[in-house]
Each structure stands twice: as structure tokens, then as C-alpha cells.
Amino acid sequence: MTRLFFLICLLSFPLCSMAQDAKLDSLWAVWNNKTEADTSRMNALLEVVRTNYSASKRDSMFYHSELVYRLAKSRGDKKNMANALKLQGLALKVKGETDSAFTYVERAFELFREADNKKSMGACLIDLGQILQSKGEYDKALEQYMKALEIVEASGEKYLIGNTYNSIGIVYKYQGNYPKAIENLLVALRIKEEIGDKRGIAACYNNIAVIHQDQGNYEQSLQTHQRSLEIREEIGDKRGTAMAYANMGNVFILQKQYDKGLENTLKALRIAEEVGDKYGIANCNMNVAVCYNKLGNYGKSLQHTKLTLNMFEEMGIQWGVAASYANMGSTYNLMKKPAEGRKWYSKSLALSRELGTKDQIKQSYLGLAESDSALHDYKGAYENYKMYLVYRDSLVNEENTKKTTQLEMQYEFDKKEAATQAEQDKKDAIAAEELRRKNLQRNASIGGLALMVLLASVFFVQRNRIGKEKARSEELLLNILPEEVATELKEKGHADAKLIDDVTVLFTDFKGFTAMSENLSPQQLVEDLNVCFSAFDHIMEKHGLEKIKTIGDAYMAAGGLPTPNSTHASDVVKAAFEMRDFVEQGKAKKVAAGLPYFEIRIGVHTGPVVAGIVGVKKFQYDIWGDTVNTASRMESSGEAGKVNISQSTYHLVKGLSEFAFVSRGEVEAKGKGKLKMYFVEIAS
């Protein structure tokens, strides 16, 4: 069993070079000029340490921080003493001397506390948590992060607040609590987007993508890693770029696309070596070892794994040591040396249980089951495989997946709603100013008495119209929104977004529409579309479905919302047949008249969505989530005159005798990989 490493973004300050030579020369000149004020000299050298030193220069980082500490101590400057101690601690952490690192940062924290410097206290607590986390002491790390969160939230330092939530999310990830991990990472992402911290945004995307991978959602993981990579490259973050390539390589390996996996991992390794990122180098080498395992080159695999094990041991990163043990076990199992494989997997399991890393415990049990089976110890194999299933099901289960999906979809919904609200507020402000200006003009030209007479007249006229207008507004509202949502909106002044677990989404698109647009006038084209969409609206109403929207010549609808029901899949499929037949009848008439015509593709998929109102005044009921994207792919991957359904929809309708199915096998869908699809027809 192979073990892949995913690099996690901790959002501590970068150790790679970020300053230009001219700036460094200037800083060194200030430090070396003994006529400069000592405070200026210390600040200059601290800036050199913060911005110029990579992991490969950790000794120099420690030494120059020590120079600042001595000078600061001679002057009684506790602030710079603390700054120097903190940097020394981080240098020791990179060296793998985690116990000493903790002591230095703890001393820095005490000095900052004496000075009542809340911001720096919070930053130190985050660093202490990260040191404990690197040792695998997750409960203790979480305790430090919670203390940090209390301090930084009180100080209002949004940058540090975002970092703290990110760190908390990572701990929950390692502990296998994916819903709590996603919840905290999305809070961090929102804060980072709010303050425009692109490095932080990329880090949050990276960590969310890792959780998608852990849950087996590889396509979503790749898409989210790609977003992180684009930001890393935009801001010139080489260490982060290496991390993104390495993680994408991991996902490709898990998808058994070993060429792509090796290609991305080697890109990452080259960049990690260039910037001296020892942690990244170790991770990349391990995944190169995985690729060699799959290619049958076990000698090279062992060579890279031993190199990685030594690096993790030197850095004191215990979870990396445990994972390296597991990779050794995997290679020996593949070499048909199960006794040696069992030895390494046993070491991995012992250390992983000590650390509490559930994912690694799971992998170790599976590896032991494989070793035992090869050694004909079937009882041991059974017991170990049983424990593997226990840990697997605790990490990846329907409830956890549902919670993480809900959190992410709700985040996207809130983000879209906030943008709509901001746009509406802007329009309202303009309208209010225009109204104020017109009121001033009106008041200047109309006498008080005339105004009273006018208002009295308006009152009597309007009173007679109120009943009619109220009925009309009710009718219009129900044309726009589902009745249940409209009622909630009237009662509460707003309607809450909701996660609905099972909804069947339908997409249609017209084949030949572009060609028709070249031969028909805009009026004729719009008239043809209107005839079709009007008919579709009646079909939706007949089957109790909700029209969502039209997008150009595409039509989108859904069943099972806003009130869930058990027949939504069959209702949508029946409606799809009627839509197809209506278009086919129209095509026959056009062909007989020698006129251009179009055909229809229809795609259907079932899954969870978030449903709610977009807009503040011009309301629109809409749905979000990966289910919508997959339904769209069902349509684009279909054929004209066919109803193409996904596997999830198929499972809901396959038992109905009125339908017949043709399996299409796995079909490549843009952005989704290969998906199982079926053509459905009315049974003869």
C-alpha cells in the first residue's frame, strides 16, 4: 500500500528569499554602520533575517538573530530581545530541534506578555502550536491555537485571525475530523479574501484541496489545487508553487495516472531544491518513491524512501517518520518480502497510534493485512483488515462528506449573496440621492395647499387600487419564486438558504441553434425559443418541477425542491421525455416546410444542492453545488434526441418498469474525468 504526502500550508512567515539585492545591501549597510542608532541597526538585521533566509540558511538565521538578541539585551530592549528569540526558535524548528525551538519561542512569548504586546503574543502562540503540530502533539497544538485565537480576535488583527483559523483547520484534518477542518478553513479563507492576502488565500485553497483528496474527491481536489497554483505563480511564491505541483502530483498518482504524477512531482522537487525547502524536498522524494513502486523499480523506491526517512528524522517531524515507515513496508510487500514489510508497517502503526493520526493508522492496518495474508496468517490479516475498515469508515463516511459539502456550498452561496447585496446597496444609494434631489426641486415649486389637495386625490385613487395591486404582486411573486419560499420571504423579510440532500437537476441545450441564428432574424429566433420555453414551463408545472432559469438557449430545472419528495428523479425523467418529444414534433414541422430546425440534448443528475434567493430587489431562486455542474456535464456529454442520466439518477429510477436503459460505460466529462452514464427511454 503506497503512502502519499500532501504538503499543508501553515501560514507562518516565509523563509525563502523575497527581497532584491539592492534592498539587502541597504539593510546590511545600516547594520554595519556603527554610527546608526542601535534600534535602527537591530530592525535592519531582523528584516534581513525575516526576508532573506531560506531553510538551507537556518544556521545563519540563528546566528544573526543572536547578534540582535545580545545588542537588545545590553540596551534592555525587551521587544527586540523577543523578536530575536522568536526567529531563533523558528530556525531551530526548521533544523528539526523542536524541543529547543519551543523553549525559544516560549521565552519570546513571555517577553511580549511583559510588554502587553497582544499581536506578537498571538503570533508566538501560533508558532508554538505549529511546533507541537510538527511533533504530532495535536491536542496540545490545538490548545495553543485556541489561546492564540482568543488574543488575536481581541486585538482585531485579521491577518493573524485568519492564520489561526487555518492552523486549527489543519489540526482537525490530521485528527480526521473533516467537517471541523473545512469549517475552520472556510473561515480563514473568508478573512484572507476580505483583506486581500493572496498568499493566505492560496494556502487555504491548498488545505481544502487536501481534504477533498482524503475523502476521495479527486476531481474537486485537482480543481482546488489549480486555483492555489494560479495564485502562487501570480505572486511569485516559489515554495508555494512547488507545494501545489507536489500535491497535484499526489492526486494524479491516486488516480493511477503515474506519468502525470511523476511529471508534477519532479517539477515540485526542482523548485523545492532551488529554494532550499527541506520539508518540500522530503515530501517530493517520497512521492517519487511511490511512482517507482508503481513502475516496479523497487531499488530506487527504497533509495528515495530512506532519504526521506532520514530527512524527517533530522527535522523531528514524527508523522513524516511514521509515513516513511509505511512506505518502506509497502515496497517490501511489493518485493514479495512480507516479513520485512510487516516489520515496517508495525513501526508505522505504533508511532501513528502514539500521534493519533487516523489516516496513517488506517493505511498501516491495511499494509499489515496485506503482509499477514502473504505470510498465510489469515487470522491476523482478518483482524488488521477489520481495523482498517473501522478507521476508513470513521474518516470517509456519508455524514462527513455531506457536512463538508454543505459547508463549502453555503460558503459559495454567502459569497454570491454578499456580492449581490453590495451591488444593490450601491444602486440604492444612487437612487436615494436622485430621489432627494427631485424632492428638493418639487418642494421648491409646489405650494403647501396644492400639495395637500394632490395628496388627498392620490389617497382616494390609490385606495381603490390597493386590492388589485396586492393581488397582482402576489401573482408576480409566485411567478418568480416557489410558493414556500415566497411565503417565507413575506413573513420574515428574507428567505434562508437550505441544503437539500437529494435533488434531480435537468439541463437542456439546443443543437443547431448557432446555425439557425445565422439564417433567421433575431425576432424569428426569439419567437422559436419562446415557443419552446413556454412549453417547457407548462411541462415543469405538470410534473411538479421547479424551473430555475434559462441561460441563452439552455434551460435548467429541478425536482425535489423547495419541498423534498421521493419521486423527483422519475418526475424529471418523464418531463425530459415530453420536452424531447415537443422539440421533435417542431423539428418535423420545420423539415416539412423546408425551414432550419434545431434538436435538443438533455442531461440529468441527482445529488445535494444549496437552494436560495439571489438578489435583494430583483429576486431569483437559484441552486448551487457540484450537482449542478455534473448535471450540465450530463447534457454536454449526451446526444441529440437522447436523455442522458448519471449513475446516481439511474439508481433511483432503474427499478421502474416504464423505463429502459442503455449503459454507456464511463464517458469522459470535461473537468470531471470519467463518469458512468446511461441513455434512458420509455420501455416498449
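Residues Met634 and Leu506 have side chains not in contact (no heavy-atom distance under 4.5 Å, counting atoms from C-beta outward). Inter-residue side-chain proximity for Ser636 and Arg633 is flagged as met; some heavy-atom pair is nearer than 4.5 Å. The closest side-chain heavy-atom distance from Tyr345 to Ser371 is below 4.5 Å. Using a 4.5 Å heavy-atom threshold, the side chains of Asn283 and Met286 count as separate. For the pair Pro608/Val503, no side-chain contact is recorded, criterion being any heavy-atom separation below 4.5 Å from C-beta on. Side-chain contact check for Val604 versus Asn644: every heavy-atom pair is 4.5 Å or farther apart. Between Leu128 and Lys147, every side-chain heavy-atom pair lies at or beyond the 4.5 Å cut-off. Proximity of Lys676 to Ser646: side-chain heavy atoms (C-beta onward) are nowhere separated by under 4.5 Å.
Ion pairing between Glu340 and Lys343 holds under the 4.0 Å rule for side-chain N and carboxylate O. A salt bridge between Asp377 and Arg342 is present, with a side-chain N of the basic residue lying under 4.0 Å from a carboxylate O of the acidic one. Between Glu193 and Arg190 there is no salt bridge, since none of the side-chain N atoms of the basic residue sits less than 4.0 Å from a carboxylate O of the acidic one.
One finds the CZ atom of Phe507 at 10.0 Å from the OG1 atom of Thr630 (value rounded to the nearest 0.5 Å). Atom CD of Glu106 sits about 9.5 Å away from atom CD1 of Ile131, to the nearest 0.5 Å. Remark: Thr305 OG1 to Asn293 CG distance equals 6.5 Å, nearest 0.5 Å. To the nearest 0.5 Å, atom CE of residue Met328 and atom OG1 of residue Thr308 are 10.0 Å apart. One finds the CE atom of Met248 at 10.5 Å from the OG1 atom of Thr224 (value rounded to the nearest 0.5 Å). Atom CG of residue Leu185 and atom CD1 of residue Ile208 lie 5.5 Å apart, to the nearest 0.5 angstrom.
Of all heavy-atom pairs spanning Val251 and Ser221, the tightest one is CG2-OG, 3.5 Å. In terms of heavy atoms, Cys204 sits closest to Asn166 at SG-OD1, 4.0 Å. Closest approach of Ala683 to Ser657, counting heavy atoms only: CB-O, 3.3 Å. The two residues Ala282 and Phe312 have their closest heavy-atom pair at CB-CZ, 3.9 Å. Closest of all the heavy-atom pairs between Leu368 and Ser346 is CD2-OG, 3.6 Å. Residues Ala268 and Cys284 come closest through the heavy atom pair CB-SG, 3.6 Å.
In this pair, Tyr388 and Tyr385 present their aromatic rings tilted. The plane angle is within the 30 to 60° band. The aromatic rings of Trp319 and Tyr174 sit tilted relative to each other, their planes meeting at an angle between 30° and 60°.
At most 12 non-hydrogen atoms from other residues, nucleotides or ligands lie less than 6.0 angstrom from OH of Tyr382. By the neighbour-count criterion of 12 heavy atoms within 6.0 Å, atom CD of Gln226 is densely surrounded, having more than that number from other residues, nucleotides or ligands.
In this structure a side-chain-to-backbone donor-acceptor pair under 3.5 Å is present from Thr331 to Asn327. Ser348 contributes a side-chain N or O that, together with a main-chain N or O of Ala322, makes up a donor-acceptor pair within less than 3.5 Å. Between the side chain of Asn206 and the main chain of Ala202, no donor-acceptor pair closer than 3.5 Å is present. Checking side-chain atoms of Ser330 against main-chain N and O of Ala326 turns up no donor-acceptor pair under 3.5 Å. Using a distance-only test at 3.5 Å, with no hydrogens or angles considered, no donor-acceptor pair links the side chain of Ser301 to the main chain of Asn297. For Ser570 (side chain) and Thr567 (main-chain N/O), a donor-acceptor pair under 3.5 Å exists by modelled atom type. In this structure a side-chain-to-backbone donor-acceptor pair under 3.5 Å is present from Asn310 to Lys306. Side-chain N or O atoms of Thr164 include one that pairs as donor or acceptor with a backbone N or O of Leu160 at under 3.5 Å. Checking side-chain atoms of Thr265 against main-chain N and O of Val288 turns up no donor-acceptor pair under 3.5 Å.
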Using side chain to side chain contact (heavy atoms under 4.5 Å, CB included), reason through Lys654 and Leu656 one step at a time and then give a plain yes or no.
CA-CA 6 Å; Lys654 65 181 180 180; Leu656 300 177; over 6 Å; no
Does the pair Thr504 and His605 meet the rule for a side chain to side chain donor-acceptor pair (under 3.5 Å), with working shown?
CA-CA 6 Å; Thr504 300; His605 174 62; over 6 Å; no
Quick one, Gln303 with Leu307, criterion side chain to side chain contact (heavy atoms under 4.5 Å, CB included). Give me CA distance, side-chain angles, the key distance, then yes/no.
CA-CA 6 Å; Gln303 177 186 339; Leu307 172 64; over 6 Å; no
Walk me through it: do Gln144 and Gln130 pass the test side chain to side chain contact (heavy atoms under 4.5 Å, CB included)?
CA-CA 9 Å; Gln144 296 292 333; Gln130 291 179 358; over 6 Å; no
Determine whether Tyr138 and Glu143 satisfy the following criterion, side chain to side chain donor-acceptor pair (under 3.5 Å), listing intermediate values before the conclusion.
CA-CA 9 Å; Tyr138 299 118; Glu143 183 181 338; over 6 Å; no
From CA spacing to verdict: side chain to side chain contact (heavy atoms under 4.5 Å, CB included), Gln213, Asn247:
CA-CA 9 Å; Gln213 175 269 329; Asn247 286 341; over 6 Å; no
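Figure legend: Lys347 and Tyr325 shown as a cation-pi pair, the cationic atom lying under 6.0 angstrom from the six-membered ring centre and within 45 degrees of its axis.
In this structure, a donor-acceptor pair under 3.5 Å is absent between the side chains of Glu370 and Asn384. If you check the side chains of Tyr205 and Glu230, you find no donor sitting under 3.5 Å from an acceptor. A donor-acceptor pair shorter than 3.5 Å can be found between the side chains of Thr606 and Thr649. With no hydrogens or angles considered, a side-chain donor-acceptor pair links Glu219 and Gln255 at under 3.5 Å. Side chains of Asn163 and Lys192: a donor-acceptor N/O pair is present below 3.5 angstrom, by distance only. Side-chain contact, Tyr145 with Gln133: a donor N or O sits under 3.5 Å from an acceptor N or O.
Ring-centre distance between Tyr650 and Tyr678: below the 6.0 Å cut-off. The ring of Tyr292 has its center closer than 6.0 angstrom to the ring center of His304.
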